[in-house]
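Side chains are part of it too, since the values below use all heavy atoms of this structure and drop only hydrogens, waters and symmetry mates. Just so you know, these numbers come straight off a predicted model, no measurement behind them.
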Amino acid sequence: MKSLDYEKILRFIMIFAIVGISVLVVVVNFMPAFAYDFYDLYPGTEHGRSNFITYPSVLYLFAIYNCFMYLGSNDLKYIDVFILLSILMSIMRIISIFTNGLHVTPFTVLAYPPELLGAPVLFFIKKMIQKQSI
């Protein structure tokens with residue numbers, strides 16, 4: 001009996017995930033009317049409130065996880081992941097500003113600076129740590 005090739009199965013799943021998530025990124029960023037209906041965010045009568053809680057929370061929990069993993073291990077690979085996450089957040093924030101405009105609110109004052117400066121600051125600190133350990 002031939003055994004399953006789990007590497008091929010995992011590769012198929014990853015390709016499917018990339019395509020599926022890429023479609024969601026395009027829908028959310030470039031088809032806002034459809035996205036509001038799809039995610040039921042506005043006015044959100046079915047599952048919009050649940051989605052609003054779920055998706056940002058996953059992002060936040062992933063970031064928190066990486067922080068704890070770095071604190072527990074001092075392994076800079078967790079900082080690399082955090083830098084990548086910050087870069088992606090910055091790119092998506094810039095796309096959001098281009099597609100929807102910039103509206104200054106308390107949220108923008110509190111959220112935008114860390115999102116846009118997170119990657120360069122972390123990258124600089126990481127390089128300085130690496131330089132010290134040589």
Linking I/L/V/M/F/W/Y whenever their side-chain heavy atoms sit closer than 4.5 Å, directly or via other members, would Phe34 and Val19 fall into one cluster?
no
Do Phe123 and Ile87 belong to the same hydrophobic cluster, where Ile, Leu, Val, Met, Phe, Trp and Tyr are linked whenever their side-chain heavy atoms lie under 4.5 Å apart, directly or via other members?
yes
Can Val27 be reached from Ile91 by stepping across I, L, V, M, F, W or Y side chains whose heavy atoms are under 4.5 Å apart?
yes
Minimum heavy-atom separation for Ser86 and Ala119, please, with both atom names.
CB-N, 3.5 Å
Which value, rounded to the nearest 0.5 Å, describes the distance between Tyr78 atom OH and Ile83 atom CD1?
15.0 Å
For Cys67 and Phe82, which heavy atoms make the closest approach, and how far apart are they?
SG-CE1, 3.6 Å
One pair to check against ring-ring contact (aromatic ring centres under 6.0 Å, His included): Tyr55 and Tyr39. What are the steps and the verdict?
CA-CA 10 Å; Tyr55 295 113; Tyr39 287 105; 5.7 Å; yes
Quick check for you: to the nearest 0.5 Å, what is the distance between Leu84 atom CG and Met89 atom CE?
12.0 Å
Once you round to the nearest 0.5 Å, how far does CD1 of Ile79 lie from CD1 of Ile129?
7.0 Å
Check the surroundings of atom CZ in Phe107: do more than 12 heavy atoms from other residues, nucleotides or ligands lie under 6.0 Å from it?
yes
Got a second to check how far Leu122's CG is from Asp80's CG, nearest 0.5 Å?
10.0 Å
So, Ser133 side chain and Gln130 main chain: donor-acceptor pair closer than 3.5 Å or not?
yes
Heavy-atom distance under 4.5 Å between the side chains of Val26 and Met31, does that happen here?
yes
Derivation of the side chain to side chain contact (heavy atoms under 4.5 Å, CB included) call for Val28 and Phe38:
CA-CA 9 Å; Val28 167; Phe38 178 75; over 6 Å; no
Is there a path of hydrophobic side-chain contacts, each under 4.5 Å between heavy atoms of I/L/V/M/F/W/Y residues, joining Leu117 to Leu59?
no
Answer with yes or no whether the hydrophobic clustering places Leu10 together with Leu4; edges join I, L, V, M, F, W, Y residues whose side-chain heavy atoms lie under 4.5 Å apart.
yes
Is there side-chain contact between Ser22 and Ile18, with heavy atoms separated by less than 4.5 Å?
yes
Is the shortest side-chain heavy-atom distance between Met92 and Val25 below 4.5 Å?
yes
Measure the spacing between CG of Asn74 and OH of Tyr70 and express it to the nearest 0.5 Å.
4.5 Å
Working to the nearest 0.5 Å, report the span between CD of Glu115 and CG of Leu88.
12.0 Å
